[in-house]
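Let me begin by presenting the structure, written as structure tokens, before commenting on it.
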Amino acid sequence: MLSNKLFPDAHVLPSIIKACAGLLAVNIGKQVHGFSLTSGLSLDPFVESSLIHFYVKCDEIIAAHKLFDNMAERDVVSWSALAAGYARKGEVANAKKVFDQVQYLGFEPNSVSWNGMIAGFNQSGCVLDAVLMFQQMHLQGFKSDGTSISSVLPAIGDLGYLSTGSQVHGYVMKMGFYVDKCIVSALIDMYGKCQCPLDMTRVFEETGQVDIGACNALIAGLSRHGLVDEALKVFRELHGRERELNVVSWTSIIACCSQHGKDIEALELFREMQATALMHGKAAHCFSLKRDITSDVYVGSALIDMYANCGKIQLARSFFDRMPIRNLVCWNVMLGAYAMHGNAKEAIEIFLWMQRSGQKADAVSFTSLLSACSQSGLTEEGRYYFESMTKDHGVEARLEHYACIVSLLGRAGKLEEAYSMIKNMPFEPDSCVWGALLSSCRLHHNMRLGEVAAGKLFELEPENPGNYILLSNIYASKGKFKEVDRVRDIMRDKGLRKNPGCSWIELKNKVHMLLAGDKSLPQMSQVLDKLDKLSMEMKKAGYMPNTDYVLQDVEEQEKEHILCGHSEKLAVVFGLLNTSQGSPLRVTKNLRICGDCHAVIKFISRFEKREIFVRDTNRYHHFKDGDCSCGDYW
DNA sequence: ATAGGGTTAG
């Protein structure tokens, strides 16, 4: 238009601004705002309210409010947009104040006003306020329409309000809303979240139609209940009918597999998706190229997570720094990344930055923050944030937070304090909390509390071999071999075996799996030779094998263990033999790294001049020049 | 003519 020397007027501008809001094109939108100011078109009420909405969508509530304050006349639309904006930000008090003001000034809130509030509260996770808004709407005599219903259902699901959900379901039937695809999907989602997989399936079957949204909701719901095979079946049926699978279908099923340990299936589905997507041709390809997809909040968050999981924490951070927009997930992923690497100082730095940016922290943020403090021994900082969480941030402590704080105190040797923390918890401690205490008792050789924790764990999860092993380790470290045997007997009677240790290493695009005492590896004799040579060098350097950890491997497998060593050691040496001098090694282990292996790998990193990354179930260990990033605090 | 609200995944 401009290059044709045509001047935009007050009719076309709102559409342009709406498009900017839809694309979250912040900079272009601001340019259009500038244009409307210089041209005088900003005085038009339509232009003004579309601009308010634009700023609300781009999460710039302050800019939206400033605009609102300068308006000549304010109508229902502008009031509602502002109220919804505060709801989106999770500023509940402000949202309600502005919303009440609409009625106080004599305006009638319409369905868009109500629905905007419900949707806004939903987006900021204020799900209880979303449901209350819905109920208030009814109390004031407003009938909910399809939009209100599909907005409120996910909130009801998050809260697990099954009876409210069923009431809404009844209302849906009465009003004939079953034809609305969004509502059907939302109902399936709600029953899934309310632990009712049967009602979920019933709704899906009752509606008869195979809508893609409903299928996707069903797949997600089945996945939530661990019904992976059923989810795959629904997906395959959908796929087989040559129906249009959308990106949500693929994402749901891939997530379902990767969240339930089917990593290979997840990767295969991903490949299959790419092959299918190729058929959609150039249009999709051009779209993803033109749009810098790595800066999308979701893609970006996943990339940060992936690089952090692969040990490339600096790369993860540089992606994070370049994100144009960051949402809660994005911040939490970065916090979690630092927690996994035990970088508590950086985690705290990110947390403070998050506060300055106006992003509210949630329960997940604090889990990472506390876990980071616990990993690094920042005991006082961890205590401070645990208190501040409820007091200053309004986040109620959950089980996982107690598990973190117990582990924080326990690692620091404050076992009695950790125990009294458990005793004073406002709810029943679960296996994670007791497990944190037991691990700490193992670390500090505390038999008395170790027995208490183990006793609880044997009730809570009698089939988990890890707890028996930990208790027997405590006994072994105290020389109480009778008790060691007693625990071993219990394990044998229950038919439990120690989970086999297993490590992975990726070499030349192939993942190699190594088991403790594995003989199937073709290069095993070379690996053992190398290990022998390294042991000799280590002894020359004054290294003493840690018998504390050898004691955990009594019984038949003992000989193999001593001969072949633990899987992480094998994987590291296997990596040494198959990579060029000086290149880094990355190993993943299915259990926590063993203390003896930890010492050996420290030595190897210096002697062989290699950077070695080992990820265990708990965190990353980054070995370099004979030291580990964990500072031996673990 | 022009502005404001919805489901499923990460």
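Heavy atoms only: backbone and side chains are in, while hydrogens, waters and symmetry mates are out. Chain letters run A, B, ... following the sequence lines, proteins first and then strands; every chain starts at 1.
- The separation between A/Met137 atom CE and B/dG6 atom P is 13 Å, rounded to whole Å.
- Looking at A/Ser50, its side chain has no donor and acceptor atom pair within 3.5 Å of the base of B/dA3.
- Between B/dT2, B/dT8, B/dG5, one nucleotide has an atom nearer to the side chain of A/Pro154 than all others, and that is B/dT8.
- Checking B/dT8, B/dG6, B/dA9 against the side-chain heavy atoms of A/Thr251 singles out B/dA9 as nearest.
- Rounded to whole Å, the distance from CG on A/Leu187 to C1' on B/dT7 is 10 Å.
- Checking B/dT8, B/dG5, B/dT2 against every side-chain atom of A/Lys193, the shortest atom distance belongs to B/dT8.
- Remark: P of B/dT7 and CD1 of A/Ile118 are 11 Å apart, rounded to the nearest angstrom.
- Across all strands shown, A/Asn246 has no heavy atoms under 4.0 Å from either base or sugar-phosphate atoms.
- Separating the CD1 atom of A/Ile183 from the P atom of B/dT7 is a distance of 11 Å, rounded to the nearest angstrom.
- For A/Ser185 and B/dT8, a side-chain-to-base donor-acceptor distance below 3.5 Å is absent, hydrogens and geometry of angles not being considered.
- Across all strands, A/Ala255 comes closer than 4.0 Å only to sugar-phosphate atoms, never to a base (heavy-atom distances).
- Put simply, the side chain of A/Asp180 and the base of B/dG6 share a donor and an acceptor less than 3.5 Å apart.
- The CH2 atom of A/Trp114 sits 10.0 Å away from the NE2 atom of A/His138 when rounded to the nearest 0.5 Å.
- Here the nucleotide nearest the side chain of A/Val77, chosen from B/dT7, B/dG4, B/dT2, is B/dG4.
- Backbone-only contact: A/Ser252 has heavy atoms under 4.0 Å from sugar-phosphate atoms and none from a base.
- Residue-level contact check: A/Arg88 touches neither bases nor backbone, having no heavy atom under 4.0 Å from any strand.
- When rounded to the nearest whole Å, the span between CG of A/Asp305 and P of B/dA9 equals 18 Å.
- A/Ala81 comes within 4.0 angstrom of no nucleic acid atom, judged by non-hydrogen atoms across all strands.
- Closest to the side chain of A/Val248, from the set B/dG5, B/dT2, B/dA9, is B/dA9.
- The base of B/dG6 sits with one of its N or O atoms less than 3.5 Å from a complementary donor or acceptor on the side chain of A/Ser150.
- In this structure, the CG atom of A/Leu51 is 11 Å from the P atom of B/dG4, given to the nearest Å.
- For A/Trp331 and A/Phe320, the distance between ring centers is under 6.0 angstrom.
- A/Glu272 has a carboxylate O that lies under 4.0 Å from a charged side-chain N of A/Arg236, or vice versa, which qualifies the two as a salt bridge.
- Candidate nucleotides B/dA9, B/dG4, B/dG5 were compared by shortest atom distance to the side chain of A/Lys18, and B/dG4 ranks first.
- Separating the CG atom of A/Leu218 from the C1' atom of B/dA9 is a distance of 14 Å, rounded to the nearest angstrom.
- The existence of a salt bridge linking A/Arg317 and A/Asp321 is confirmed by a sub-4.0 Å separation between a basic side-chain nitrogen and an acidic carboxylate oxygen.
- Residue A/Asn327 is classed as having no contact, given no heavy-atom separation below 4.0 Å to the nucleic acid.
- Remark: A/Arg202 engages A/Asp199 in a salt bridge, criterion side-chain N to carboxylate O under 4.0 Å.
- Looking at the side chain of A/Gln259, the nearest of the listed nucleotides B/dT8, B/dG10, B/dG5 is B/dG10.
- A/Arg586 places a side-chain N or O within 3.5 Å of a backbone atom of A/Cys310 that can act as its donor or acceptor partner.
- A/His341 meets the ring-ring contact (aromatic ring centres under 6.0 Å, His included) test with A/Tyr620; sequence neighbours excluded.
- Under 3.5 Å, the side chain of A/Asn110 and the base of B/dG4 form at least one donor-acceptor pair of N or O atoms.
- No hydrogens or angles were tested; on distance alone, nothing pairs the side chain of A/Asn122 with the base of B/dG6 as donor and acceptor under 3.5 Å.
- Proximity note for A/Gln123 (side chain, C-beta onward) versus B/dA3, B/dG6, B/dT8: the nearest is B/dG6.
- The A/His53 side chain lies nearest to B/dG5 when the options are B/dG5, B/dA9, B/dA3.
- Per the geometry, CZ belonging to A/Phe46 stands 6 Å off C1' belonging to B/dT2, to the nearest Å.
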